[in-house]
Amino acid sequence: MGAGEVLEGRLPEGSPARLRGWIHRKFVVGGKIFVRLRDSTGVLQCVIDRARVGDGVYGAFEEAKRESSIVVEGTVHREPRAPGGWELRVTRGHVVWPSEDFPIRGKEGVEFLLDNRHLWLRSTRMRDILKIKHTVLEALREYYRERGWWEVTPPILTGSAVEGGATLFKVDYFGEPAYLSQSAQLYLEVLIYSLERVWAITPSFRAEKSRTRRHLSEYTHFEVEAAWMDMEDMMRVVEETVEHVVSRVLEDRGRELENLGRDTTQLERVRRPFPRLTYTEAVERLRSKGVAMEWGEDFGADEEAALTRDFDRPFFVTLFPKQIKAFYMKEYEQDPRLVKGFDLLAPEGYGEIVGGSEREDSYEKLLARIREEGLDPKDYYWYLDLRRYGSVPHSGYGLGVERLVMWIAGLDHIRDATPFPRFRERLRP
RNA sequence: GCCGGGGUAGCUCAGCGGGUAGAGCGCCGGGCUGUUAACCCGGUGGUCGGAGGUUCGAGCCCUCCCCCCGGCGCCA
């Protein structure tokens, strides 16, 4: 039995109930103690009347501070004076473990709450976000499981840099330098030769000292790779995935979205097909709005924000100049200056949540690109081998789960999309 | 890394013509027969981020350092 079930009216008036939880708030007025009991399902008011429970129980609860763990038994009643319209009239109960003075009351600043993250995670807000993230992960898995894609487990410890080198976390691997993974992509590409359509959820790490509301040093990376798919095929997969996740969250987490003050009409618009424009069209569109930008530059924060204001649902930008994208993206057949990459940008200023591409499947072209980037082909021998032994057209994408959660939940900072955020020098708790 | 803002009571902040620190909340004690982030009365509480310096005197001025917040770059 949980507080949330009582608040939903699942028990008839007068039913007996036993609840376990923590004291969320407490008011002592006259001969009664109003204890707001919090558990994983919600917060329910419990009334402890000295005349009903006796001096012993009454005294124990009178002493108990916020966040003490408690067990109470009684009967549930409709009560207009209680928050949520229901309360428990306690007949028995006890304090399991008392709490010291709880340091968080709700007006604390960002730094204090981060230092006390282990306690702040008990808040209604964090609980709502954690539940939304759960549903996002569940919906992602559900989409691919139902369609027969294989879940795989790529490594986190890697022996060489995948993309750049500057943003890798270096670790000591039995005396040899190793790095924490930034992306499982290259390993997923290996695995499609075995399973054809694969996906993985792994932590990814970026050592960049980012100072923005959209970056974490450690984040949850949802990555997908499939043989025989071109860029268009993969964009359709992305569309369906995002639509599925958003509708699942609307279905299952309506109350949490409401608690967080999320405008769900924005989410209800997330329906296929998503608008798409090429990089070149995006540059022209920005220029027509007076944004100074050269073809061949990557979008900065201002450019991206200006673009997202034009759309009321997620949209794709495709076919980027080769020089601003990673070496593994496939050259566009109709224009060798371009690669077949795509980004999915969320509206309302949230920006990029997915990055994907068709991968270069020609051995010669891939080798040339690796050299152009100044990378050592020896580090990529196994990746290059894939193009020597029955190379196959294939595509994939990566999705930042925290960014998706941030957008869906309407958060103003990515740090709240994960229970233990890692960024800058913050490593504790 | 760069630009901007900030570190004063447990928390959120005020204090600046340089004269030796204040409020609200919390906490402690008391009161209140239904509270809603309760209310009323009394009390408690500070190496003013750190180290130097200027000065008769520094939270306030100067120098260096540390930490935090917002933004940029980079990206998912």
Side-chain angles (χ1 to χ4, degrees), chain A residues 24-36 43-51 63 65-66 77 79-85 87 89 100-116 119-120 123-124 162-164 166-168 181-185 201-224 238 297-305 324-326 341-346 350-357 396-407 412-415 417-418 423-426:
Chain A
H24 184 243
R25 257 180 254 293
K26 194 184 83 172
F27 307 95
V28 181
V29 183
K32 287 176 181 149
I33 305 169
F34 297 88
V35 169
R36 302 272 166 77
V43 177
L44 180 71
Q45 174 159 290
C46 304
V47 183
I48 297 167
D49 189 331
R50 189 194 288 271
E63 291 291 304
K65 295 176 175 176
R66 293 172 50 234
H77 299 272
E79 172 52 70
R81 292 170 295 186
E87 70 181 18
R89 297 195 186 139
E100 296 179 25
D101 292 329
F102 199 66
I104 299 174
R105 302 190 321 286
K107 288 185 293 188
E108 290 73 17
V110 173
E111 185 183 3
F112 186 83
L113 290 177
L114 283 170
D115 287 340
N116 290 283
L119 303 176
W120 177 234
S123 65
T124 306
V162 170
E163 295 182 37
T167 62
L168 290 159
S181 173
Q182 290 192 326
S183 166
Q185 180 196 318
I201 299 178
T202 50
S204 275
F205 304 87
R206 304 281 161 109
E208 195 72 44
K209 285 190 175 179
S210 299
R211 175 76 262 172
T212 85
R213 60 184 66 196
R214 299 177 50 224
H215 288 84
L216 291 168
S217 302
E218 175 179 354
Y219 65 99
T220 309
H221 212 166
F222 184 87
E223 290 174 281
V224 165
V238 170
E297 290 176 355
D298 208 348
F299 303 116
D302 290 346
E303 290 79 27
E304 194 174 284
I324 60 172
K325 288 292 176 184
F342 62 88
D343 286 348
L344 184 74
L345 310 208
Y350 283 96
E352 187 177 349
I353 51 175
V354 168
S357 70
Y397 78 87
L399 178 155
V401 172
E402 284 78 12
R403 284 202 180 164
L404 183 59
V405 169
M406 182 186 175
W407 163 54
D412 57 12
H413 202 296
I414 199 166
R415 64 181 159 233
T418 198
F423 54 89
R424 278 291 179 127
E425 282 80 21
R426 188 163 288 279

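In the text below, chain A, chain B and the rest are named by the order of the sequence lines, each starting its count at 1.
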Which letters describe nucleotides 41-48 of chain B, given B = protein heavy atom under 4.0 Å from base, S = only from sugar-phosphate, - = neither?
--------
Taking atom P in both B:C62 and B:U54, compute the distance separating them and give it to the nearest angstrom.
15 Å
Select base, sugar-phosphate, or nothing to describe what A:E100 touches, counting heavy atoms under 4.0 Å on all strands.
nothing
Rounded to whole Å, how long is the line connecting atom CD1 of A:I104 with atom C1' of B:C11?
10 Å
Begin from the C-alpha positions of A:Y397 and A:L344 and carry the test side chain to side chain contact (heavy atoms under 4.5 Å, CB included) through to its verdict.
CA-CA 10 Å; A:Y397 78 87; A:L344 184 74; over 6 Å; no
Between A:K26 and A:V29, whichever has its closest RNA chain B nucleotide further toward 5' is A:V29
Consider the side chain of A:R206, meaning its heavy atoms from C-beta on, and name the nucleotide among B:G34, B:C72, B:C75 that approaches it most closely.
B:C75
What residues, two or more places apart in sequence or in another chain, satisfy side-chain hydrogen bond (donor to acceptor under 3.5 Å, both in side chains) together with A:T212?
A:H215
Among B:G73, B:C27, B:G34, find the nucleotide with the atom closest to the side chain of A:T212.
B:G73
A:R211 atom CZ is separated from B:C2 atom C1', nearest whole Å, by 13 Å
Got a sec, which residues hit salt bridge (charged side-chain N to carboxylate O under 4.0 Å, His left out) with A:K325, two or more places apart in sequence or on another chain?
A:D343
Has the side chain of A:E108 got a donor or acceptor that lies under 3.5 Å from a partner of the other kind on the base of B:G10?
no
Sequence neighbours left out, what passes salt bridge (charged side-chain N to carboxylate O under 4.0 Å, His left out) with A:R214? Give chain and number order.
A:E304
Could you pull out all residues at least two apart from A:F222 that satisfy ring-ring contact (aromatic ring centres under 6.0 Å, His included)?
A:Y144, A:W199
Expressed in angstrom and rounded to an integer, what is the separation of A:I48 atom CD1 from B:U33 atom P?
18 Å
Using a heavy-atom cut-off of 4.0 Å across all strands, would you classify A:E79 as base, sugar-phosphate, or nothing?
base
Rounded to the nearest Å, what distance is computed from the CZ atom of residue A:R214 to the C1' atom of nucleotide B:A76?
8 Å
May I ask you to verify whether the side chain of A:R403 and the base of B:C75 hold a donor-acceptor pair under 3.5 Å?
yes
Mark this stacking check for A:F34 against B:U35 as yes or no, applying ring centres under 5.5 Å and ring planes under 30°.
yes
Per-nucleotide pairing state of RNA chain B [Watson-Crick or G-U, under 3.5 Å; [ ] pseudoknot-crossing; | other strand]:
(((((((..((((.....[..)))).(((((.......))))).....(((((..]....))))))))))))....
Nucleotide B:G31, atom P - distance to CD1 of A:I33 in whole Å
14 Å
Between B:G10 and B:C64, how many Å separate the two P atoms, rounded to a whole number?
30 Å
Those residues at least two apart in sequence (or on a different chain) that pass ring-ring contact (aromatic ring centres under 6.0 Å, His included) with A:Y219 are A:H221
Taking only the C1' atom of each, what is the distance from B:G29 to B:U12 in whole angstrom?
25 Å
Salt bridge (charged side-chain N to carboxylate O under 4.0 Å, His left out) partners of A:R211, counting only residues at least two apart
none
Rounded distance in Å - CZ (A:F205) to P (B:C74)
23 Å
For the pair A:F423 and A:T418, evaluate side chain to side chain contact (heavy atoms under 4.5 Å, CB included) and give the outcome as yes or no after the intermediate values.
CA-CA 11 Å; A:F423 54 89; A:T418 198; over 6 Å; no
Students often get this wrong, so: under 4.0 angstrom with heavy atoms, is A:G106 touching a base, only sugar-phosphate, or nothing?
nothing
Interatomic distance where CG belongs to A:L113 and P belongs to B:C11 [whole Å]:
11 Å
How far, in whole Å, is B:G53 from B:G6 if one measures between their P atoms?
27 Å
Centroid under 5.5 Å and tilt under 30°, A:F27 to B:G34
no
With a cut-off of less than 4.0 Å, is there a side-chain N or O of A:R66 near OP1 or OP2 of B:C27?
no
Anti/syn call for B:U33, syn if |chi| within 90°:
syn
Expressed as a whole number of angstroms, how long is the span from A:R105:CZ to B:C13:C1'?
13 Å
Euclidean distance for P, B:C11 against B:G73 (whole angstrom):
35 Å
For nucleotides B:G70 and B:A9, find the distance between their C1' atoms and express it as a whole number of Å.
27 Å
Just checking A:V354: base, sugar-phosphate only, or nothing, at a heavy-atom cut-off of under 4.0 Å?
sugar-phosphate
Contact class for A:K65 vs. all strands (heavy atom < 4.0 Å): base, sugar-phosphate, or nothing?
sugar-phosphate
Which part of the nucleic acid does A:E223 contact within heavy-atom distance under 4.0 Å: base, sugar-phosphate only, or nothing?
nothing
Name the nucleic acid region contacted by A:H24, choosing base, sugar-phosphate or nothing; use a 4.0 angstrom heavy-atom cut-off, strictly under.
nothing
Once salt bridge (charged side-chain N to carboxylate O under 4.0 Å, His left out) is applied, do any residues pair with A:D298, and if so which ones, sequence neighbours excluded?
none
Could you list the residues that satisfy side-chain hydrogen bond (donor to acceptor under 3.5 Å, both in side chains) with A:D412, not counting sequence neighbours?
none
Apply the test side chain to side chain contact (heavy atoms under 4.5 Å, CB included) to residues A:V110 and A:R415: give CA-CA distance (whole Å), side-chain angles for both, the deciding distance (0.1 Å), then the verdict.
CA-CA 10 Å; A:V110 173; A:R415 64 181 159 233; 3.5 Å; yes
Same-atom distance (C1') from B:G59 to B:G15, integer angstrom
9 Å
Over all strands shown, is A:D298 touching base, sugar-phosphate only, or nothing at heavy-atom distances under 4.0 angstrom?
sugar-phosphate
State which of B:G70, B:U35, B:A76 makes the closest approach to the side chain of A:P83.
B:U35
Any idea which of B:A76, B:C69, B:U35 is nearest the A:Y219 side chain?
B:A76
Give A:P103 one of three labels, base, sugar-phosphate or nothing, depending on what nucleic acid heavy atoms sit under 4.0 Å from its own.
nothing
Those residues at least two apart in sequence (or on a different chain) that pass side-chain hydrogen bond (donor to acceptor under 3.5 Å, both in side chains) with A:T202 are none
Sub-3.5 Å pairs of nitrogen or oxygen atoms, protein against nucleotides 4-8 of chain B:
none

Using the C1' atom as the point on both nucleotides, what is the distance between B:C48 and B:U20, in whole Å?
12 Å
With a non-hydrogen cut-off below 4.0 angstrom, is A:R50 in contact with a base, only sugar-phosphate, or nothing?
nothing
Among B:G34, B:U35, B:C11, which nucleotide has an atom closest to any side-chain atom of A:F112?
B:C11
Might you work through the side chain to side chain contact (heavy atoms under 4.5 Å, CB included) test for A:H24 and A:T124, ending with a clear yes or no?
CA-CA 10 Å; A:H24 184 243; A:T124 306; 4.3 Å; yes
